[in-house]
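Note that the coordinates shown come from a computational prediction; the quantities given were computed from them, not determined experimentally.
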Amino acid sequence: MWEHGGEVDDIIEKQGLKQVTDSGEIGRLVDEVIAGNAAQVQQYQNAAPEKRGKMIGYFVGQVMKKSGGKANPKQVNQLLSEKLG
């Protein structure tokens, strides 16, 4: 920004750094991860509630990977918790 000038929002857009907050898009990614990881979903659902917190990290990581690290992690966690039950 100092070297080339420009507005912060323009630089974020041009560099592809904008965070994905569209719940529909994040929901689609969550659905893909759940559908592609049936064995892990089964393990999660069979686990004791106190162990699920750590286990959900696997799914969050997979969604973040699919989004290129751009998905809003708070929304990802919320949607995963809702959809995994």
Side-chain angles (χ1 to χ4, degrees):
M1 212 165 75
W2 290 106
E3 293 178 24
H4 304 290
E7 295 294 319
V8 172
D9 292 336
D10 293 336
I11 293 170
I12 289 170
E13 190 71 36
K14 286 178 185 175
Q15 297 292 321
L17 302 173
K18 192 169 185 175
Q19 187 177 62
V20 175
T21 57
D22 176 6
S23 59
E25 175 67 15
I26 294 173
R28 184 185 63 75
L29 295 171
V30 166
D31 289 342
E32 286 179 17
V33 167
I34 289 172
N37 293 281
Q40 288 83 356
V41 169
Q42 190 66 39
Q43 286 178 339
Y44 176 86
Q45 291 174 335
N46 290 335
E50 61 271 8
K51 292 187 178 183
R52 288 183 175 180
K54 289 184 179 183
M55 293 177 78
I56 204 164
Y58 169 79
F59 298 104
V60 172
Q62 295 303 304
V63 172
M64 295 306 286
K65 187 187 299 185
K66 281 189 167 289
S67 74
K70 295 179 184 177
N72 179 307
K74 184 177 179 179
Q75 284 179 286
V76 171
N77 271 295
Q78 181 180 3
L79 284 171
L80 279 167
S81 293
E82 289 170 8
K83 292 185 181 223
L84 290 172

Quick check: closest heavy atoms across K51 and A47, and the distance to 0.1 Å?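 So the minimum-distance heavy-atom pair works out to CB-CB, 4.5 Å.
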[atom1]/[X] to [atom2]/[Y] distance, rounded to the nearest 0.5 angstrom?
X   : Y   : atom1 : atom2 : value
N46 : R52 : CG    : CZ    : 8.0 Å
Q40 : M55 : CD    : CE    : 9.0 Å
I56 : K54 : CD1   : NZ    : 14.5 Å
I26 : M64 : CD1   : CE    : 8.5 Å

So V41 and F59, side chain to side chain contact (heavy atoms under 4.5 Å, CB included) or not? Walk me through it. CA-CA 9 Å; V41 169; F59 298 104; 3.8 Å; yes
Does the N72 side chain pair with the main chain of Q75, one donor and one acceptor, at a distance under 3.5 Å?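 Indeed, once roles are kept as given, a pair shorter than 3.5 Å links the two residues.
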Quickly, which of V63, V30, L29, L84 forms a side chain to side chain contact (heavy atoms under 4.5 Å, CB included) with L79? Name it, please.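 Output: one option passes, namely V30.
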